[in-house]
Amino acid sequence: MPNQTEETRGTTKTISIRDLNKFYGSFHALKDFSIDVEAGEFLVLLGPSGCGKSTALRMIAGLESISSGTLQIGEQDATNVLPKYRDIAMVFQSYALYPHKTVAENIGFPLKVAKTPKAEMDAAVRAAAEQVELGELLDRLPGQLSGGQRQRVALARAIIRRPSVFLMDEPLSNLDAKLRGNMRAELKRMQSELGITTIYVTHDQIEAMTLAHRVAIMKDGELQQLATPKEVYSQPANLFVAGFMGSPPMNFLEGGVVNGEFGTEESRFALPGAPDTAHAVVGFRPEDCTLVAPGAGLVDARVYTVEMTGDLVLVTLELGGAHLVVKMDKDFEIDTDVTAGIAVQPDNLFLFDGNSGDRVDWTGPRS
Amino acid sequence: MSTPARPHRSIFEPPAIGQMSLATKIVLYSVLIGWSLFVLFPVYWLLITSFKEATAVNEGPFFIPWVDFQPSLHAWKELFVIDYADTLRAYFNSIIISLAATALSVLVGSMAAYALSRVEYAPNLITILFFVALLALVAVSVGVWGIDWRLAAAVGVALFFFLARAVGNLYQVRLQNGDILFWIISQRILAPIVVVVPIYMMFQSVRMLDTHLAIILTYTVVNMPIVVWLMYDFFNSIPRDLEESAQLDGATMIGIFREIVLPLSRAGLAATTLLVMILSWNEYLLALFLSTSRAQTMPILVAAMNAGERGILWWTMSVAIIVMIIPVVVLAVILQKYISKGLLVGAVKG
Ligand SMILES: Nc1ncnc2c1ncn2[C@@H]1O[C@H](COP(=O)(O)OP(=O)(O)O)[C@@H](O)[C@H]1O
Ligand SMILES: [Mg+2]
């Protein structure tokens, strides 16, 4: 899965995380966290704010102690190894540039502490700065740079040492939307060129989908699903993942299944082969459904708002207090407060257990 | 997205001087000059008073030398020729004591502040209370009941460990860094006058009255809370990310301190040093109790000048005050280039 050439293999390392736990006092911030990261893989930790992504990353870096569990980097057990012996470079959310050092000194800092000869260091700084297109700014102080430029300095400082592992904690979150898009593409290209194992933390699902070889989705300190972006999208493990991925997120209808028929208070439709339960949730994505004449679709609902986004029209409908969103063509027109049917292909319907939230496989594996 | 940045400023931010209208400039400069005169006049007054004879002081006010009155060096002579031994001794005492006390309190205090800002402590309140109670008990048993101090100390230590182990774990009331910091600062809330008698008796009983060491130690302790307080805030303003990043990049503890923490805290250290230096330099009350002659400092010398049978010696007092101001001004000039703001700009985005 990770895209690797023969030369880069070996410098980069696998990371094996086993049952990692973190307690802050009595607060359980990370719960039995286990992941195997392949060498050269780009793994993204994704989850809402406060779910423990940074905590997990900082534990891998060694900046936060491990309450229980083990961490292995390459062949070495790193559970209790000091950060500086882990051969990890980290890009902090805050960039953590040294404000009293010039750009060149910032980038060269890892080599300086490694007592690299001056000439070699200067050449490396120059090369790293070229790589992130910072060549002319080497003598500036961080305070004189724009947000995007600071971000690049942080990146150059991380790549200059050719570490075996990259850790990045929301490195793009403070850039404006356009710059973020550019940097995302550059990051992806750089990672695949360098082939260095990368763990990247973000709360932005677009970043996760575009950058990751695999995405690890977290909630309240617990791993929800670890899979490729495609799998996470098309086979979400549970309601949380289904509701977190995609924008706008998946639509949900709550109800129960009786004799292969799903029923809510307002409506009922056939769900052949679905197991009977008193409490179930049916989900479908806004992009997988269309609006049809009342009665012709799965359910009927009242149009609540219509939003034009440029390349498509988002229609929000109301059904029993819940909102359902349908993505339509950019030419689509409909009035508010009229009733419309929502049509969904049966194999685009997801069924979730209403109590545990886990997805129920009822039509066999999807593509 | 890329609209050109429009120069804007907040309501309370004044425009640069170059952009002001003439009227604004005139008002601004008159106010500034007026204020400067107001502030500098006492210093000027001090200076000319030091060159006045008794008559020029008593029949005054006279403002301009050679015009209003005839300046004379008699006060300077009195202090630096006739009484030079006393004056110079007090002067050097002041310098030695202030420098030593400042160095000690800044060194120890900033280390404490750094630890408080970077390490999370969680001492058990019960254990601390046991410690204090046993300390008091040992002191009483030695002092009042005449028990051999070695015995008392040994029993005290043994009891402490026993109680801390046996009972300490049952009641887990943990203090936090904030509590420790408040305790340290609270030491300064107590007015020195309250503790001056106990301190006097303490140094008396170890026969250290009128020594430099006694005053240095006292000043160090008295100033420590201020250093810890100021430096704690200052270290807290340095993002931890910087140190963590350096740590990941392979820097050693000492390397991080030298390369990152020290350069970034220079301004805070300079400001704290200056403040503590001035406080020690001007301290009167404790010095009054702790020194009689050999360790006498300048403030004591100055104060003694208005208590003689010759009345208040304004002229010699002015001389003493002027020479007292000089070292502080020199220090302020040396340190002021470090006391610049905005050093942390660019450390973190935002
Ligand atoms: N040093 C700490 N002490 C106590 N709680 C903490 C500490 N650091 C993080 N937490 C808590 O742990 C949870 C996870 O934090 P974090 O890993 O920073 O979340 P994320 O990066 O996913 O937004 C949060 O609820 C946060 O309040
Ligand atoms: Mg975070």
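Naming: A, B, ... by sequence-line order, numbering from 1 per chain.
- No part of A/L145 comes within reach of chain B, as not one of its non-hydrogen atoms sits under 4.5 angstrom from that chain.
- Within 6.0 Å of the OH atom in A/Y24, the count of heavy atoms belonging to other residues, nucleotides or ligands exceeds 12.
- The 12-atom threshold is exceeded at CD of B/Q187, counting heavy atoms of other residues, nucleotides or ligands nearer than 6.0 Å.
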B/L248 vs A/R86, side-chain contact (heavy atoms from CB on, under 4.5 Å): CA-CA, chis, key distance, verdict
CA-CA 8 Å; B/L248 279 170; A/R86 295 189 185 195; 5.8 Å; no

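- The environment of CD1 in B/I326 is crowded: more than 12 heavy-atom neighbours from other residues, nucleotides or ligands sit within 6.0 Å.
- Applying a 4.5 Å heavy-atom cutoff, the residues of residues 59-77 of chain A that approach chain B are A/A61, A/L63.
- For B/A122, no part lies under 4.5 angstrom from a heavy atom of chain A.
- Rounded to the nearest 0.5 Å, atoms CD1 (A/I160) and CG (B/D249) are 10.0 Å apart.
- At a threshold of 4.5 Å between non-hydrogen side-chain atoms, the residues B/E259 and A/V113 do not count as touching.
- A/Y95 has its side chain out of reach of B/L242: every pair of non-hydrogen atoms, C-beta onward, lies at least 4.5 Å apart.
- For the pair B/S245/A/R157, a side-chain contact is recorded, criterion being any heavy-atom separation below 4.5 Å from C-beta on.
- Closest approach of A/K84 to B/A251, counting heavy atoms only: CD-O, 3.9 Å.
- Within 6.0 Å of atom CZ in B/F160, more than 12 heavy atoms from other residues, nucleotides or ligands are found, so the atom counts as buried in its surroundings.
- In this structure, the side chains of A/M90 and B/E244 stay at 4.5 Å or more apart for every pair of heavy atoms.
- More than 12 non-hydrogen atoms from other residues, nucleotides or ligands lie less than 6.0 angstrom from CG of A/D311.
- In this structure, CG in A/D169 is found 8.5 Å from CG in B/D241, a value given to the nearest 0.5 Å.
- Taking OH from A/Y98 and CD from B/E243, the interatomic distance works out to 9.5 Å, rounded to the nearest 0.5 Å.
- Few gaps surround CE on A/M308; more than 12 heavy atoms of other groups in view lie less than 6.0 Å from it.
- Closest non-hydrogen pair, B/P263 versus A/H100, comes out as CB-CD2, 3.4 Å.
- In A/H28, the NE2 atom is crowded: over 12 heavy atoms of neighbouring residues, nucleotides or ligands sit closer than 6.0 Å.
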